[in-house]
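Only heavy atoms go into these numbers, but all of them, side chains included; no hydrogens, no water, no symmetry mates. Below, chain A is the first sequence line, B the second, and so on; all start at residue 1.
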There are 2 protein chains.
Amino acid sequence: MSGWLRVAGLGPGDPALVTPEVAQALEQATDIVGYGPYVTRIAARPGRALHASDNRVECERAAHALALAAAGGRVVVVSSGDPGVFAMAAALFEALEAGPPDWCDLDIAILPGITAMLAASARLGAPLGHDFCAINLSCNLKPWDVLEHRLRMAARGDFAMAFYNPRSRARPDDFARVLAILRAECGPERLISFARDVSKPGEALRTVTLAEATPEMADMRTIVLLGNSQTRRVGRFVYSPRSVEAP
Amino acid sequence: MSGWLRVAGLGPGDPALVTPEVAQALEQATDIVGYGPYVTRIAARPGRALHASDNRVECERAAHALALAAAGGRVVVVSSGDPGVFAMAAALFEALEAGPPDWCDLDIAILPGITAMLAASARLGAPLGHDFCAINLSCNLKPWDVLEHRLRMAARGDFAMAFYNPRSRARPDDFARVLAILRAECGPERLISFARDVSKPGEALRTVTLAEATPEMADMRTIVLLGNSQTRRVGRFVYSPRSVEAP
């Protein structure tokens, strides 16, 4: 078999944030596989097939990509941000686990990218400047009780937090419940930042206190960053100091 | 003032992981400021001053960079990985907070990069494929009690974890204590991965159970990734499924 498969992170949107490693893989690919809006970021050309699929079919998409590579294709599965952070890498390994054993012999690699929370953090300053958690708020991925417990553990550990998929269309009220838990655990003065479409046209940043935060400040294109107990403003920036003083 | 300051993430080591945005900033810079080993990754040339400094002087280095930019320099502070993850961005804002008020009017931006945990995660598979924490184990940054509490909260929340600076030369025994806490909280079968010099010559990856893990598997050039309760192997890879099933 001469085929290979790469799961490549396209970063948050700006082509200047795509690594040369990913750009080279895209150049060499015979097949580009991914969620429609990501595939449309790749130019069509002879010898390069574009396979766009719907949202929420990650496992089928991954199995399709593996089958293409097994048939000799040079396949790039495109992912927003970094493939390993709430994106296509885990779906690929779920499909690998469920597929024919010889898929494990394929030439497979994950190519990292700039994930949304780090692009947002850079724009805001350094709100994730010390220990932090990344939490997916999508209600499709875990029971509410698991999510609520994780939020409380992260808050009690005084972690800064980055929230992906803060508002699902399916359950628009969940983010209000998340904010209520955070307010109860972290207090009303804790800083929270909303970063929408970072590095894309219309980028918008907003930092408020938890007392001021409302669910409408987030949508599915927003990444939400919560500070820790020491996170503060300096000039137009928000940052978390590098260290925690002894009490 | 026509000067500017960028804090740029150089990624884990491989030039193919440096974003075009960072490469362009380096091209335009009059001054490159940073920890010695990072500055030496930048070629010397006429019109570009290289300012290398020691480890553990991050705040002084940041203040120096701000002063150079205030004097009209086009200054890039180089950082390993992503500047916002246990690197130079937070130090920059600490220096900004402590410095003259007009430094806040400078043209300052943070340029994201590929942070070590995501480069390591990509090489290993997708061990951070669902909710996870990033924790700095350096004993210089917080009291031991704070670290121990954070480890326990993260474990009880069933987060995967990425550990930066797992072993300090100053206190080599701390990582053994960290492993003991993780074993007690997560059980002996939990997978833990050690990734040394990812994307650099001599890269080495190793995944074992917590029962098998020893402190000597890590040093200051190793990033350590702990799985969550569902993290498992498929072929030569390690991954965490995207979702948590209802009990």
So, taking the atom named [atom1] in [X] and the one named [atom2] in [Y], what distance separates them when rounded to the nearest 0.5 Å?
X	Y	atom1	atom2	result
B:Ser121	A:Ile110	OG	CD1	8.5 Å
A:Phe237	B:Cys104	CZ	SG	8.0 Å
A:Leu118	B:Leu118	CG	CG	6.5 Å

Could you have a look at [options] and say which one has the most heavy-atom pairs with chain A under 4.5 angstrom?
options	result
B:Arg233, B:Glu97, B:Arg152, B:Met153	B:Glu97
B:Ser243, B:Ala23, B:Ala134	B:Ala134
B:Ala122, B:Gly129, B:Gly235	B:Ala122
B:Arg123, B:Arg156, B:Gln24	B:Arg156

Legend entry - A:Gly125 to B:Ala89 - nearest heavy-atom pair and separation: O-CB, 4.4 Å
Inset, instruction - Can you see which heavy atom on A:Pro112 is nearest to which on B:Ala119, and at what distance? - result: CG-CA, 4.3 Å
Inset, instruction - For chain B, find its close neighbours in residues 8-22 of chain A: heavy-atom separation under 4.5 Å, sorted by number, or none. - result: A:Pro15, A:Ala16, A:Leu17, A:Val18, A:Thr19, A:Pro20, A:Glu21
Contacting moiety of [X], where chain A heavy atoms sit under 4.5 Å:
X	answer
B:Phe86	both
B:Phe132	both
B:Arg232	side chain
B:Ala109	neither
B:Met117	side chain

Examine whether an atom of [X] lies under 4.5 Å from a heavy atom of chain B, and if so say whether it belongs to the side chain, the backbone or both; otherwise answer neither.
X	result
A:Asp145	neither
A:Thr115	side chain
A:Asn136	both
A:Pro83	neither

Legend entry - Contacts of type side-chain contact (heavy atoms from CB on, under 4.5 Å), residue B:Ala155, not counting sequence neighbours: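 side-chain contact (heavy atoms from CB on, under 4.5 Å) check on B:Ala155 returns B:Met161, B:Glu185, B:Cys186.
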Legend entry - For B:Arg236, all residues meeting side-chain contact (heavy atoms from CB on, under 4.5 Å), sequence neighbours excluded: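 In terms of side-chain contact (heavy atoms from CB on, under 4.5 Å), with neighbours along the sequence ignored, B:Arg236 is linked to A:Ile108.
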Inset, instruction - Could you check if a side-chain atom of A:Ser138 sits within less than 4.5 angstrom of a side-chain atom of B:Arg242, using non-hydrogen atoms only? - result: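 Not touching, per the 4.5 Å side-chain cut-off.
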Inset, instruction - Please tell me if the side chains of A:Val244 and B:Pro143 come closer than 4.5 Å, counting only heavy atoms from C-beta onward. - result: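 The answer is yes, as the side chains (C-beta and beyond) meet within the 4.5 Å cut-off.
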Legend entry - Under 3.5 Å side-chain donor-acceptor pair for B:Glu94 and A:Tyr239: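 On atom types as modelled, these side chains do not qualify, holding no pair under 3.5 Å.
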Legend entry - Polar side-chain atom of B:His149 near backbone of A:Asp158 as donor-acceptor pair, under 3.5 Å: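 Between the backbone of A:Asp158 and the side chain of B:His149 there is no qualifying donor-acceptor contact (under 3.5 Å).
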Top of [options] for chain B proximity - count of heavy-atom pairs under 4.5 angstrom:
options	result
A:Ala154, A:Ala91, A:Ala162	A:Ala91
A:Leu147, A:Leu141, A:Leu124, A:Val234	A:Leu141
A:Asp82, A:Leu128, A:Leu151, A:Val7	A:Asp82

Inset, instruction - Return each pair, listed once, that meets side-chain hydrogen bond (donor to acceptor under 3.5 Å, both in side chains) where at least one residue sits in residues 125-135 of chain A; pairs must be two or more places apart or across chains. - result: A:His130-B:Lys142, A:Asp131-B:Lys142, A:Asp131-B:Arg150
